[in-house]
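First the structure, in the form of structure tokens, and then the observations on it.
Sequential numbering from 1 along the given sequence is applied to the chain's residues.
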Amino acid sequence: MPENTPTETPRSAWFLVPMQALVAPLLAMPRAAKRALALLVDSSFCVLTIWLAYCFRLNEWTVLTGVQWLPVFVSLCMALPIFIVMGMYRAIFRYAGLAAFIAVLKAIAIYGVAFMTIFTALSVPGVPRTVGILQPFLLLIAIGLSRLSIRYWLGDTYQRILHQNTLAKVLIYGAGNAGRQLAGALTNSAELNVVGYLDDDPRLKGGIMGGLPIYDPSDLPVLAEALGVHNVLLALPSASRQRRNEILERIRKARVNVRTLPDLTALAQGRVAVSDIRELEIEDLLGREAVAPRQELLDKAMRNKVVMVTGAGGSIGGELCRQILRNAPSSLILIDQNEFALYNIHAELLKLAELYKHESLQIVPILCSVRDQDRMEHIMQSWRPQTLYHAAAYKHVPLVEHNAVEGIKNNVMGTLATARAANKCGVLNFVLISTDKAVRPTNVMGASKRLAEMVLQALAAEPAVDRVRTNFSMVRFGNVLGSSGSVVPLFRQQIKEGGPVTLTHPKITRYFMTISEASQLVIQAGAMAEGGDVFLLDMGEPVRIADLARKMVELSGLTVRDQDNPEGDIELSVTGLRPGEKLYEELLIGDNPETTEHPRIMKAREDFLYWPELSKRLSSLNAALDRNDMVAARATLAELVSGYSSTGEVSDLAFTGAETTTAA
């Protein structure tokens with residue numbers, strides 16, 4: 001039997017499904033038919049209780065004969081008219097309350113007095129007097145219990161059906177173990193009502209599993225409309241990224257909101273909770289497989305070593321810390337100047353260390369600016385890091401453009417101060433986190449990152465003098481999905497708010513990589529460094545931002561409003577390129593990058609200035625920054641960084657504000 005054969009049923013469904021199947025037709029009956037059915041049931045009770053009264057009186061099971069049928073005839077002729085007149089059939093039984101039961105009591109009391117008068121007080125030959133007493137009491141018990149049972153049976157089931165009809169209806173894509181567990185977890189959900197499965201296995205299509213039908217995924221557009229389904233839950237934890245992408249492409253046009261289960265550690269433990277359901281993983285939007293990291297490179301970089309991360313509270317620095325912690329360093333030193341960010345990452349890493357049972361691992365949070373070289377030297381002398389990942393940088397292009405002085409000081413001078421401290425204190429490996437925006441930059445952020453690369457290249461080319469030589473390298477990659485400032489969280493929020501989704505240009509493209517994959521590749525690239533290396537991460541094909549936005553809208557169960565579909569839900573609004581923004585990003589300045597032992601990591605040989613010349617230019621740049629002279633600072637940047645131009649308008653808000661004040 002195949003593994004996904006629908007043989008298992010959620011435990012609660014054995015009771016719930018048959019109950020609802022029986023009750024639903026009763027609730028759908030016309031009011032007149034329901035009253036006729038109630039009359040028939042009460043008539044049956046009249047006959048049954050007469051027979052029971054005879055049995056109790058004669059102390060044996062008996063068959064009614066002759067005159068013994070007279071009380072049956074009298075009971076029917078008296079009880080039913082009294083019950084009708086007393087309004088017993090006007091009440092809705094599933095809502096029957098105290099007033100309805102009082103009405104039953106009054107009606108049977110009137111009936112009982114009349115019945116006892118005939119068969120007990122006056123007496124009828126052949127009919128025991130006790131029958132006139134027993135039968136009204138038995139009838140009260142029978143009708144009372146029937147009303148009570150209907151109240152709880154029909155009422156509760158009706159409320160459950162009504163409640164389910166108000167819940168969001170969902171289909172589960174995948175009728176395997178994860179799908180079955182998810183359906184069981186959602187049985188009593190207060191938010192979602194599972195109405196069936198979708199599965200590609202032809203052996204399962206058309207079957208029933210746990211009372212739920214299994215549909216062909218190709219029928220989803222029709223099913224979504226016919227069943228009122230607006231949500232599809234992907235329960236495919238073992239499917240490859242390529243397979244998931246094929247499924248997502250197939251269901252994009254069905255106007256359903258697609259959510260997923262995470263990588264299911266819980267599945268291995270036999271449990272899936274409603275809380276496991278979440279928005280599509282960022283990897284699903286990226287559309288390509290990640291390459292598994294090479295453990296020997298990870299171990300070489302950090303296992304049993306003292307590792308320092310600057311900018312540890314940022315999105316890239318934080319993920320670097322998580323990846324480092326998994327590979328068991330002896331100590332992890334966290335450097336950040338943002339107190340709240342440092343507190344958060346420290347608390348998270350302590351929990352992770354406990355989870356991975358790294359009891360001996362020291363996690364050290366230190367508040368410090370990387371521009372303070374004396375302080376950085378003191379920290380390094382105290383903790384003696386062997387590997388340093390320099391992720392402390394300002395990276396938001398428009399914000400750095402408007403705060404260019406701080407951007408250059410932090411990204412360039414901060415890198416220089418940290419590199420000098422590392423060089424002086426004998427740090428073995430120094431890895432700079434760089435960006436594709438450093439290639440022929442059109443903005444201050446990109447130019448500052450390229451200049452930071454040049455600083456390390458120049459220092460790496462300096463001869464070692466009676467000290468341990470620091471191995472300087474840098475890793476250049478594109479946009480990281482899920483990092484702070486990433487378009488994916490922004491687009492999700494805009495879609496949630498009803499749009500519009502803002503694009504700076506309809507043709508803008510970017511390279512994308514997940515934050516975990518980028519961090520792993522950074523660590524592996526650093527382990528291969530020989531000194532002065534500029535590593536490039538293979539980011540795959542560039543992604544058109546408008547296509548990414550459209551995909552996110554459609555996988556949220558909505559449509560894009562454009563010229564072809566003016567009645568769509570979400571508009572894609574073009575706001576124009578921001579200061580310093582490029583349509584296309586590059587990863588390489590020169591040509592012919594070299595391959596490395598890792599398929600996703602390449603190496604470039606970029607031109608740079610040697611330290612004697614570069615140090616003079618940096619001194620001039622620093623002097624201009626201290627004077628808040630952005631014209632001179634940008635001119636120096638343009639001289640140093642290939643591709644950067646200083647002819648555009650100065651956007652530094654402090655600089656332009658000062659100019660405005662002076663002019664006034």
Side-chain angles (χ1 to χ4, degrees), residues 285-286 315 393-408 411 435-450 478-512 539 541-554 556 558-566 568-587 630-631 633-634 637-638 641 643-657 659-660:
L285 302 172
L286 186 58
S315 49
Y394 293 140
K395 64 176 186 177
H396 193 268
V397 170
L399 199 58
V400 172
E401 203 71 19
H402 292 314
N403 297 271
V405 170
E406 280 302 305
I408 297 170
N411 293 359
T435 171
D436 57 356
K437 293 174 177 61
V439 179
R440 283 180 275 274
T442 58
N443 52 71
V444 172
M445 194 283 281
S448 68
K449 292 297 286 184
R450 175 58 193 139
N479 294 269
V480 175
L481 288 170
S483 65
S484 60
S486 170
V487 295
V488 171
L490 174 63
F491 285 174
R492 276 183 176 158
Q493 184 62 32
Q494 290 176 336
I495 292 169
K496 184 178 179 180
E497 293 172 353
V501 173
T502 55
L503 309 171
T504 57
H505 194 282
K507 294 184 179 180
I508 195 167
T509 64
R510 289 293 182 264
Y511 289 99
F512 283 106
M539 307 289 291
E541 294 298 318
V543 176
R544 192 165 172 258
I545 302 299
D547 293 340
L548 177 65
R550 182 177 292 273
K551 186 174 184 178
M552 292 183 65
V553 169
E554 291 174 348
S556 298
L558 304 170
T559 57
V560 174
R561 186 190 313 146
D562 53 21
Q563 291 182 346
D564 297 330
N565 184 22
D569 304 300
I570 303 290
E571 178 187 1
L572 302 185
S573 174
V574 177
T575 59
L577 290 174
R578 298 170 296 185
E581 192 170 34
K582 297 167 70 174
L583 268 183
Y584 311 102
E585 299 290 4
E586 307 166 88
L587 285 168
M630 274 311 303
V631 173
R634 287 183 7 142
L637 268 184
V641 178
Y644 179 68
S645 172
S646 61
T647 57
E649 183 180 350
V650 175
S651 301
D652 187 290
L653 296 177
F655 181 82
T656 56
E659 275 193 334
T660 304

With Asn565 via side chain to side chain contact (heavy atoms under 4.5 Å, CB included) - residues at least two apart: Thr559, Asp562, Glu567
Closest contact, heavy atoms only, Met445 versus Val397: CE-CG2, 3.9 Å
Over all atoms of both residues, closest heavy-atom pair of Ala447 and Pro441: N-CB, 3.4 Å
Counterpart residues, side-chain hydrogen bond (donor to acceptor under 3.5 Å, both in side chains), relative to Tyr394 (two or more places apart): Gln337
Val560: which of Ile570, Val501, Leu572 passes side chain to side chain contact (heavy atoms under 4.5 Å, CB included): Leu572
Under 3.5 Å: donor-acceptor pair, side chain of Arg450, backbone of Thr435: no
From CG (Leu503) to CD1 (Ile545), nearest 0.5 Å: 8.0 Å
Any donor-acceptor N/O pair, Arg561 side chain to Gly568 backbone, under 3.5 Å: yes
Side-chain touch Arg492/Met552, heavy atoms, less than 4.5 angstrom: yes
Residues which pass side-chain hydrogen bond (donor to acceptor under 3.5 Å, both in side chains) with Glu571, listed by chain and number, not counting sequence neighbours: none
Partner residues of Ala633 under the side chain to side chain contact (heavy atoms under 4.5 Å, CB included) criterion, sequence neighbours left out: Leu621, Ala624, Leu625, Met630
Separation of Thr509 OG1 from Leu548 CG (nearest 0.5 Å): 12.0 Å
Where Pro506 and Ala546 come nearest, the two heavy atoms and their spacing: O-CB, 3.7 Å
Non-neighbouring partners of Ala393 that pass side chain to side chain contact (heavy atoms under 4.5 Å, CB included), sequence neighbours left out: Asn411, Lys449
Reported CD-to-CG distance for the pair Gln493 and Leu490, which is rounded to 0.5 angstrom: 8.5 Å
Set of side-chain hydrogen bond (donor to acceptor under 3.5 Å, both in side chains) partners for Ser573, sequence neighbours left out: none
Point-to-point distance, once rounded to the nearest 0.5 Å, from CD of Glu401 to CG of Leu653: 10.5 Å
Side-chain touch Thr504/Thr575, heavy atoms, less than 4.5 angstrom: yes
Rounded distance (nearest 0.5 Å) linking atom CD of Gln494 with atom OG1 of Thr502: 3.5 Å
Atom pair CD1 (Ile408) and CG (Leu637), whose distance is rounded to the nearest 0.5 Å: 4.5 Å
Student check: side-chain heavy atoms of Asn403 and Leu399 closer than 4.5 Å: yes
